[in-house]
K.L.:
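Input: one structure, supplied below.
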Amino acid sequence: MSDEDDKLRETIRSLLAGGLEVEVFPRADTHDEVQAIVGRLQANGDLKDRLAIAGFTLTPIEHEGIEQACETCMYYQVHRCYCELPELDVPVEPQWSCRLWRI
Amino acid sequence: MANLLWLQGGACSGNTMSFLNAEEPSACDLVTDFGINVLWHPSLGLELGENLRRMLDAIVSGEIAMDIFVFEGTVVNAPNGTGEWNRFCGRPMKDWVADLAKVATFTVAVGDCATWGGIPATAPNPSESEGLQFLKREHGGFLGKDYTSKAGLPVINIPGCPAHPDWITQIVVAVATGRGGDLTLDEFQRPKTFFTSFTQTGCTRNMHFAYKVSATEFGQRKGCLFYDLGCRGPMTHSPCNRILWNRVSSKTRAGMPCLGCTEPEFPFFDLEPGTVFKTQTVMGAPKDMPTGVDKAGYIKLTAAAKAASPAWAEEDLFVV
C-alpha cells in the first residue's frame, strides 16, 4: 500500500462517514444494470460522483443472502487493498462495499 | 489412396485458410505422405465450369469413389427452402450436399458453420442456414439425425471458428489411413481426442483462475480472463491450450478471451451489444459457471481462494 493510496482511502472514508449521499440500491443484479452503472461512471470523472453512483458504503451490504464486501469482490486486490475496476480505480478497505460487487 | 472432396457452402473460407496453414501434418503431407488424393478443393482444385460439373456428377454416380467428403460453411436453404442463394455448378449447393453425402464413405464437417450453423444461423438466420447434422444444439440439421456415411459413422464434426489446422488434418489422416473406426465421438459428434478437455486445460493463466485474480482490461499480463472479460475457457471443450496455434500461442495466452467457438451455441448471446468480452452476471455471480461448478460452491471457493492469494498473483507476470 502506498502513501498516495492511504491518503485517497482516508479521503473516501471521510466523505462516506460525513454523509455523502450514495446510491446503495438497487444493486447491479443483471448485466444491463451493471452496464448502466458503468456507463454513468465512464461519464463522471469526479471522485464524489463516482462514489455516489457506485453506491459505496463503509460496511458490507447483504443482498439476497450474500454479503457483498470488497474483500470477496473480483475487482479487489487483496494485497494493495484496491479496487481495480477501471471505472472506479480507487483504494478501498476489505469491509467496504459497492453495488457493482461481483464474485 | 483415399479420394477427398472439399466443398464450401455459406462460408468465409476461414477453415480453408486454417487448413492450408496446417503443420502436423501439413496439407502437402496429406498428398505426399498419406496417400490422399484431393479430387477438388475451392482453393486448390484445377477443374472449372463444366469439367468440375462432370467430376461431381461422376462422384454422385459412383464412377469416382469419394472416401472423404469435407464440407465447410453452412448449408444455405434460403430463399424459402430452395437453396437458390447458394448455387454451385448449376444447382443449389444443398442439392450437391444431399447427393454427395449419400455416396461418401466418411463425411466431415469442418468449422462451426458446417457443424451447427455458426454465425450465419444466428437469429434471425436470414440465409436459413443449418449445419450438416445439427442446428445449434438441436440434432438433425440438413442431413437429419439418422444420417450415417457409408462407413457407418455420423458426420464427424470438427468445430471452431476456424477449426485448428491440425484438428482437420489429423482427422483426415486418421480416416484416410483406415483408422476412422477408432474415432470416438462425443454427444455433438466431435472427436473425443480433441474435445474432451477444456480450453482452460493448459492455459497459462490457470494460477490466476485458482487465486481468483481477474484481468480487467485487455493486454494485462496478469489475471484470469474468465471473471470479467467474458472468457469461456472453463466451459468450452477444445484443446486450444494443448495444441497451440501456430505452435506458439492461443487466444488466452495472448490475452484474448476464449469465445467458446467450439460449442454449438457460438456465438453466445446472439452478439448483442455489451455481451461480447464481458462476463454476464446474475446477482454478482457469473451467469455461466465453469462446467460442473454450482453457484454456492463457487462463491465459497472464490472467497477462500481470494483471501489466500499471494501478492505475486496481483503483479504483472509473463503468461505468454
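Order of the sequence lines sets the chain letters (A, B, ...), proteins ahead of strands, with each chain counted from 1. These figures come from a predicted structure and were not determined experimentally.
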K.L.:
Determine the sole option in A:Val24, A:Thr57, A:Thr72 for which the side chain to side chain contact (heavy atoms under 4.5 Å, CB included) test with A:Ser97 is passed.
P.N.:
A:Thr57
K.L.:
At a 4.5 Å cut-off on heavy atoms, which part of A:Gln35 comes close to chain B: side chain, backbone, both, or neither?
P.N.:
side chain
K.L.:
Under 4.5 Å heavy-atom distance to chain B, tell me which part of A:Ile66 shows up: side chain, backbone, both or neither.
P.N.:
side chain
K.L.:
Given a strict heavy-atom distance threshold of 4.5 Å, which part of B:Glu314 is in contact with chain A: side chain, backbone, both, or neither?
P.N.:
both
K.L.:
Counting heavy-atom pairs under 4.5 Å with chain A, which one of B:Lys212, B:Gln280, B:Lys278 comes out on top?
P.N.:
B:Gln280
K.L.:
Which answer fits A:Val78, side chain, backbone, both or neither, if we ask what part of it has an atom under 4.5 Å from a heavy atom of chain B?
P.N.:
both
K.L.:
Could you check which of B:Pro310, B:Ala285, B:Ala307 has the highest count of heavy-atom pairs closer than 4.5 Å to chain A?
P.N.:
B:Pro310
K.L.:
For the pair B:Arg221 and B:Leu317, evaluate side-chain contact (heavy atoms from CB on, under 4.5 Å) and give the outcome as yes or no after the intermediate values.
P.N.:
CA-CA 5 Å; B:Arg221 287 175 174 166; B:Leu317 188 70; 5.6 Å; no
K.L.:
I'd like to know if B:Glu263 and B:Arg190 make a salt bridge, using a cut-off of under 4.0 Å between side-chain N and carboxylate O.
P.N.:
yes
K.L.:
Is chain B contacted by the side chain of A:Tyr82, its backbone, both, or neither, given a heavy-atom distance below 4.5 Å?
P.N.:
neither
K.L.:
Is it the case that the side chains of B:Asn77 and B:Glu130 hold a donor-acceptor pair, with the cut-off being a distance below 3.5 Å and no angle test?
P.N.:
yes
K.L.:
State plainly whether the residues B:Glu265 and B:Arg232 are in salt-bridge range, i.e. N to O under 4.0 Å.
P.N.:
no
K.L.:
So if I apply the side-chain hydrogen bond (donor to acceptor under 3.5 Å, both in side chains) rule between A:Arg9 and each of A:Asp5, A:Thr11, A:Asp6, which one comes out positive?
P.N.:
A:Asp6
